[in-house]
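One structure is given below, encoded as structure tokens.
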Number of protein chains: 2
Amino acid sequence: MGDAVESAGWSDVEPDAARRLLEGAVEAFAERGYHATTTRDIAGRAGMSPAALYIHYKTKEELLYRISRYGHERAHEILARASAADGPPAERLRQAVHTFSRWHAEHHTTARVVQYEISSLSPEHYEEVLDLRRSIDRLLRGIIEDGVAAGDFSVDDVPGTALAVLSLCVDVARWFNVNGPRTPDEVGALYADLVRRMVGA
Amino acid sequence: MGDAVESAGWSDVEPDAARRLLEGAVEAFAERGYHATTTRDIAGRAGMSPAALYIHYKTKEELLYRISRYGHERAHEILARASAADGPPAERLRQAVHTFSRWHAEHHTTARVVQYEISSLSPEHYEEVLDLRRSIDRLLRGIIEDGVAAGDFSVDDVPGTALAVLSLCVDVARWFNVNGPRTPDEVGALYADLVRRMVGA
DNA sequence: ACGCGAGGTGAGCAAGCGCTTAGCCTCCGG
DNA sequence: CCGGAGGCTAAGCGCTTGCTCACCTCGCGT
């Protein structure tokens, strides 16, 4: 379930060089941050000269925008799938949190860029991405509302709890370490359990 | 209780100009990030010429280091106080989470720099700050261990839960908005309650 | 055989960066 | 009345940045 979402890298990006540049940019932005990354660094990681970048992308910011939009679309997809699934709210929430936090662990380089570099986007791109974030928030809040309405959850502050759950999952991207003791799937299981307790299910 | 910790700004910083520079740096780093902030910007916010910065600080990185260390010391102080307090583990955890998350909301500009710009520190300063983070982690884990040992909490994965709790509180700095619906104290109360549920108290 | 477009390069421009320097005020003890 | 230290600035140095441009090199349809 949802494996297609997980495995998808940037494999569908059109010319090979453009994909390598995107992958290099993700790595570099995640390591150093957007502003500390130079176009020479990105091009270098893709095995090309600095000028080659501008054949495939208009600006350095366009790279960040593509990464940011791609990541938000994946995140949205994960929650939309869990939200629309059959089964009781508790199960839908479990799946949502498990998959969402696992994605942030598994793709923590991409997720780090997606979550912590959005303020470097141009105003228009920033607004566009913010819209996606608002729908992500709405999807999760919807699941919790369903659980409360069904009498399965006991939550005092639904928007606040939804915000906290999202914040918890997103922050996985900041601390997750591949050489750490937990696999992405274990993080997903742990977090799903913690969130189950948070909503009193 | 703990108000002395909260209210403390940078009021104790020695020459007035040096304090204004620090405050300007906090604002600028929080808004734009360390690398996107120029020394001209910092000096401008303090109402001075760019050169004046170098009378009080050796480098731009020294400003980040001072901010980072100050913030981690405050965070450590908050948890140390809650950890050493009298009362059952549940009450100590409540106080720890309440105060800790409230601090991250109240001082979200400082906290944002403290939590999200540490990788821009020099290697030596980074190591020093990392030590402080490890002790902060140990303090929180200690409270949870006490609760488990006393039979008050039911937690399967203690280190994992401690990590999640810390992560949850820290991430407040990222999303907190002064014009939002919640006061820092309300965030503290909400989070203390969510964490109480997480540990099964 | 050959033109042409897509993809790539080396060199380099204008702007902005962190930081330094030379020199100017202002205050204050002797 | 003076001399020098502390606090500050205007100017600017050396370097790096994002990005451009003239040119090159292939693979391919005709």
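From a predicted model like this one, the values you see are computed outputs, not experimental measurements. Letters go in sequence order (proteins before strands), and every chain restarts at 1.
Ring geometry, H125(B) versus Y65(B): the interplanar angle falls under 30°, so the pair is classed parallel (tilted spans 30 to 60°).
Between H56(B) and dG6(D) there is no side-chain polar atom (N or O) within less than 4.0 angstrom of OP1 or OP2.
Regarding I55(B), its CD1 atom lies at a distance of 6 Å from the P atom of dC8(D), rounded to whole Å.
Applying the salt bridge (Lys or Arg N to Asp or Glu O under 4.0 Å) test to pairs two or more places apart or on separate chains, those with a residue in residues 46-64 of chain B are E62(B)-R66(B).
Every residue was checked against the salt bridge (charged side-chain N to carboxylate O under 4.0 Å, His left out) condition with D152(A), not counting sequence neighbours, and none meets it.
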Seminar exercise, completed: With sugar-phosphate taken as primed atoms, P, OP1 and OP2 and all else as base, the protein-contact string of nucleotides 13-28 of chain C at under 4.0 Å (heavy atoms; B, S, -) is ----BBBBB-------
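With P159(A) as the partner, the side-chain contact (heavy atoms from CB on, under 4.5 Å) test is satisfied by one option alone out of V155(A), D157(A), T161(A), L163(A): D157(A).
No cation-pi contact links R174(A) to F176(A), judged by a cut-off of 6.0 Å to the six-membered ring centre and 45° from its axis.
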